[in-house]
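Have a look at the structure below before the remarks.
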Amino acid sequence: MKDITIAITAASYSGNKGAAAMLQSSISQLKEHYGERLNIYLMSVYPSEDRRQCPHDFVKILPAQPERLLFFAFPCAVFYRLLRWCPPVRKLLLKNKILKAYADTDLVVDEAGISFVDSRGLIMNTYAFVCAAVPLLMGVPLVKYSQALGPFRNPYNRFLAKWILPKAELVIARGRATYENLVSIGVTRNAALCADGAFTMPRDEKTEREVRIKCGRAGLEKERTVAFSISSVVEKKCRKQGVDYCRIMAEFAVYLTRRGYQVFLFPNAARMASKKPRNNDLMVGDAVYENARRMGADDGLIWERREMPPEEIRAYIGRSRFLVASRFHAMVFALTEQVPVMLIGWSHKYQEVLEQFGLGEYAADFSELRVDGLKKQFAGLEANETQIRQRIAAHFDEVRESSLGNVRHITRILDARLKTDGKKRWMNHVICLDEPDVYMGAHLACRMGYASDDAIRGQAASGGLVTAFLCNLLKNHTIDGAWVVRTAFTPEGKLTYETHIAVTPQEVREYATSVYMAIPMMAHIDQLRAFDGRLAVVLTPCMMRAFCHILEKDGALREKVVLKIGLFCSGAHAAAATEFAMEKCGVPTAGARRLYYRKGHWRGTSSVVYEDGGTKEFSYTKSICAYKNAYFFINSGCLSCRDQYAECADISFGDVWLAEMKKETIKYTGCVIRDGQAFTWLARAAEQGDVCIKHMSDTQMLKSQKRALTFKYRGGRPNHRLAGRLAAWNRRFSMRRPKALKRIPLRLVYYYMCFIRMLLSW
């Protein structure tokens, strides 16, 4: 089954922890539904912070700050909409990372929390519009996750909302007031009502246990603790009304401490490295705390001045008797923990959620903020505490079930679209990304990674993952030997090979790096039969198929082989392809001991090591690669073979030819995992620090080998068929007239190879 790629916009892990709670909730449910197939792009306003805080390796963080969206992505998306029929223009526009991500996306989820509200002003409503408009212009379906919207009395806000919201696949209202606002502008066909997504954020028992210990050390007693969630947004609105929010909240905190309560002051939105108030309550918290201390607050006032994950904030609220909240999701956390809460808010979004619990009377507007009013409201909270808790308990299951509806809607829409092939994406008009099993065979997952040891990577064609993995298997006594091969030279200077069963990590290292010539491994299978112990074998796809046929008939050998490792392969070549290249580059073979086909970053460099310890380096790309990728001296069977990923193997490895990986300082190896035991062993190698592994989607895996796959499955376009005909002609020419080929300048062979690669690239 194909991978599922979802982009989430207008949300972040850092800053506002309400947004983080919605993220954690939606991602956990989507992961439960789609499993290893799920990949997520998080279009982040704070990419650096989010990369540090994101707990999932299948979530890719992309910079999507407002200025990037408004001044770059949005204009490019408009041009894409108008000119997507033109391949060169489309390719140029997709250089924009935001557009490129959306082009790879099945569905976009907008988790803004609140949008298109009159009081948010021109800038914020424009930002909400652009967040939704960019994916829609790209032709990607959009779901507005449960959020507050409206009212729409402002002409500009009303125009934006009426233009964009009907085009969304679904707009989910957070409560009754929002739904009525949507109805007022005619958004009914694609509207639904679900409770806030944060009500279903998963529990973290470890965090709750740690908070319980911290509360004990700080002397915070549940029956005497009042949690205080302050807000920079409410403070700004109060300031415009001439209301001193910080002084009033400080005075109220002092009042509570004098009554014997412990006040736990915390920021529900925090950015430790920023001095800006946007998504940051730290400065307001400082002001409230300092005012309260000047007013005589004693040790009963605690200011927890740090950025906390949403699970920790919720756990602290759960350890409190009451919550006084100015932040919306602090209120949601209190209701989840069945803690009575009183609100100082600024939007209908507070009221409509409290109404779901029958607690609408406990929301107060910021414009009416007074110390006496707070005291009176708190007295009502105390007096009706038991009744409030009963109301929350009575309604909670219903509200939580409604919250789960958010992801149910998303998966229903997405599954229906995939089932009917409503939005089918193609790569190069040949390779269909919807059916990865066609190209890779049945598999569990894809990953990419590299050897942790610099020395291993230094000898590797890509990331050294195969070498490091085999060394780890030997170290843990999972295998007793690994069947490997390396290049060699005869005393006469002819290129040849050596097969060997490596029984130590050092021996495995000595046989590291890829070999790009045809080797009849099955002719040496008696090495395996004579070996006493468990084995891992490393083979190319055709050799692996032949080997698996042998195993079917040889029970004793089948018992020995505990792991079959495949190597991605786009064709095996006669040794002449390499020898021609070496001769043209002036690389002597006399006294040569070994050839390294490719070492170093990206495409790398070829080198020959001599018996006297000397080394001769030469360009791989403009020599060996030129003959190889022009299909000179290729085996005839390779021209019709479609097995790029060694489908018979338990786990397969190969290069990751993705443009974004070229910028990485360390080259990666990709792998396709088909066997559960191989998956476990690779994870163990990562846990033990021998390899570094991260998530790789099926789509990324297909794209990483796109030219090879396009050649193998050619036929969809005339340029691909032409590449196939040239390959067949080149093979015949090199086999029948090698002397004529040798007379052709290497530079000309290189440019000819580039032409064939170009034919396969579009």
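FYI, the numbering just counts along the sequence from 1.
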Query raised in the report: Nearest 0.5 Å, what's the CG-CD1 distance between N39 and I6?
Result: 9.5 Å
Requested in this report: Using a strict 4.0 Å threshold on nitrogen-to-oxygen distance, state whether R674 and E647 make a salt bridge.
Outcome: no
Query raised in the report: Can you check whether R81's main-chain N or O pairs, donor with acceptor, with R84's side chain at less than 3.5 Å?
Result: yes
Query - Smallest separation among heavy atoms of G464 and T669, with atom names - result: N-OG1, 3.6 Å
**Report entry** Close side-chain approach of V537 to I565, heavy-atom, < 4.5 Å
**Finding:** no
Query - Side-chain heavy atoms of D690 within contact of K475, under 4.5 Å - result: yes
Query raised in the report: Considering only heavy atoms from C-beta outward, does the side chain of D650 approach that of V562 to under 4.5 Å?
Result: no
Query raised in the report: Going by heavy atoms in the side chains, are I756 and N629 under 4.5 Å from each other?
Result: no
Query - Electrostatic pair D643:R545 at N-O distance under 4.0 angstrom - result: yes
Query - pair L658-Q700: side-chain heavy atoms closer than 4.5 Å - result: yes
Query raised in the report: Distance only, no hydrogens: is a donor on one side chain within 3.5 Å (strictly under) of an acceptor on the other, for T504 and Q506?
Result: no
Query raised in the report: Charged N to carboxylate O below 4.0 Å: is that the case for D554 and R558?
Result: no
Query raised in the report: Under the 6.0 Å and 45° cation-pi test, does R757 pair with F755?
Result: no
Query raised in the report: When rounded to the nearest 0.5 angstrom, what distance separates OH in Y645 from OG in S652?
Result: 10.0 Å
Query raised in the report: Just checking, any donor-acceptor pair under 3.5 angstrom between side chains of Q527 and T499?
Result: yes
Report summary line: In short, T487 meets L595 closest at the heavy-atom pair OG1-O, 2.5 Å
Requested in this report: Assess K622 against Y750: is NZ or CZ under 6.0 Å from the centre of the six-membered ring, and within 45 degrees of the ring's axis?
Outcome: yes
Query raised in the report: Do H573 and N635 meet the criterion of a side-chain donor-acceptor pair at a distance under 3.5 Å?
Result: no
Query - Stepwise side chain to side chain contact (heavy atoms under 4.5 Å, CB included) test for L709 and K706 - result: CA-CA 5 Å; L709 290 173; K706 65 180 182 180; 5.7 Å; no
Query raised in the report: Hey, what's the ring geometry for F580 with F633, parallel, tilted or perpendicular (30° and 60° as the breaks)?
Result: perpendicular
Query - Parallel, tilted or perpendicular: ring planes of Y439 versus Y713, cut at 30 and 60 degrees - result: perpendicular
Report task. Validate the cation-pi geometry between K584 and F618: distance from NZ or CZ to the six-membered ring centre under 6.0 Å, angle to the ring axis within 45°. Result -> no
Query raised in the report: Counting N and O atoms only, with roles assigned by atom type, does the side chain of N472 sit under 3.5 Å from a partner on the main chain of A468, one being a donor and the other an acceptor?
Result: no
Query raised in the report: Atom CE of M661 and atom NZ of K667: how far apart are they, to the nearest 0.5 Å?
Result: 10.5 Å
Report task. Kindly give the heavy-atom pair with the smallest separation between R714 and L639, and that separation in Å. Result -> NH2-O, 2.8 Å
Query raised in the report: Hey, are D453 and R509 close enough for a salt bridge, meaning a charged N less than 4.0 Å from a carboxylate O?
Result: yes
Query - Heavy-atom check, side chain of M440 versus side chain of D698, under 4.5 Å - result: yes
Query raised in the report: How about F79: does its CZ atom have over 12 heavy atoms from other parts shown lying under 6.0 Å from it?
Result: no
Query raised in the report: Taking 4.0 angstrom as the limit, do D655 and R598 come out as a salt bridge?
Result: yes
Report task. Starting at NZ of K703, measure out to OG1 of T699 and round the result to the nearest 0.5 Å. Result -> 7.0 Å
Report task. Start with the C-alpha distance between E617 and V608, add both sets of side-chain angles, then the distance that settles side chain to side chain contact (heavy atoms under 4.5 Å, CB included), and finish with yes or no. Result -> CA-CA 6 Å; E617 293 189 344; V608 174; over 6 Å; no
**Report entry** Flag if over 12 foreign heavy atoms under 6.0 Å of NZ, K694
**Finding:** yes
Query raised in the report: Is the backbone of D480 close enough, under 3.5 Å, to the side chain of R534 for a donor and an acceptor to pair up by distance?
Result: no
Query - Point-to-point distance, once rounded to the nearest 0.5 Å, from CD of E498 to CZ of F489 - result: 11.0 Å
**Report entry** Side-chain donor/acceptor of H695 to backbone N/O of K60, under 3.5 Å
**Finding:** no
Query raised in the report: Any side-chain donor-acceptor pair under 3.5 Å between T513 and R486?
Result: no
Query raised in the report: So does K742 pair up with E579, basic N to acidic O under 4.0 Å?
Result: no
Query raised in the report: Going by distance alone, is a donor N or O of one side chain under 3.5 Å from an acceptor N or O of the other, for N96 and Y80?
Result: no
Query - Salt bridge K564-D675, side-chain N to carboxylate O under 4.0 Å - result: no
Requested in this report: Could you give me the CA-CA distance, side-chain angles and deciding distance for V508 and V484, then say whether side chain to side chain contact (heavy atoms under 4.5 Å, CB included) is met?
Outcome: CA-CA 8 Å; V508 169; V484 290; 5.5 Å; no
Report task. Examine distances only and state if a side-chain atom of S734 and a backbone atom of P738 form a donor-acceptor pair shorter than 3.5 Å. Result -> no
Report task. Please say whether more than 12 non-hydrogen atoms of neighbouring residues, nucleotides or ligands are located less than 6.0 Å from CD in E583. Result -> no
Query raised in the report: Parallel under 30°, tilted from 30 to 60°, perpendicular over 60°: which one fits the rings of Y516 and Y597?
Result: perpendicular
Query raised in the report: Can any side-chain N or O of H443 pair as donor or acceptor with the backbone N or O of G441 at less than 3.5 Å?
Result: yes
Query raised in the report: Taking the side chain from T680 and the backbone from G676, do they hold a donor-acceptor pair closer than 3.5 Å?
Result: yes
Query raised in the report: Quick check: does any side chain N or O of R603 sit under 3.5 Å from a backbone N or O of T621, one acting as donor and the other as acceptor?
Result: no
Requested in this report: Measure the shortest side-chain to side-chain distance between I501 and L528 over non-hydrogen atoms and say whether it is less than 4.5 angstrom.
Outcome: yes
Requested in this report: Answer yes or no: are there more than 12 heavy-atom neighbours, outside R747 itself, under 6.0 Å from its atom CZ?
Outcome: no
Query raised in the report: Can you check whether R447 reaches F679 side chain to side chain, under 4.5 Å on heavy atoms?
Result: yes
Report summary line: Scanning both residues in full, the closest heavy-atom pair of Y102 with P135 reads CE1-CD, 3.9 Å
Requested in this report: Quick one: pull up CG in L563 and CD in Q677 and give me the separation to the nearest 0.5 Å.
Outcome: 9.0 Å
**Report entry** Shortest non-hydrogen contact from V503 toward L474
**Finding:** O-CD2, 3.9 Å
Report summary line: Between G670 and V656, the two heavy atoms sitting closest are N-CG2, 3.1 Å
Query raised in the report: How about R529: does its CZ atom have over 12 heavy atoms from other parts shown lying under 6.0 Å from it?
Result: yes
Query raised in the report: Going by an N to O cut-off under 4.0 Å, is there a salt bridge joining R37 and D3?
Result: no
Query - Geometric class of the Y631/F711 ring pair [parallel <30°, tilted 30-60°, perpendicular >60°] - result: parallel
Report task. Report the C-alpha separation of F632 and F733 in whole Å, then their side-chain angles, then the decisive distance to 0.1 Å, and conclude whether the side chain to side chain contact (heavy atoms under 4.5 Å, CB included) test is met. Result -> CA-CA 8 Å; F632 291 116; F733 178 72; 4.3 Å; yes
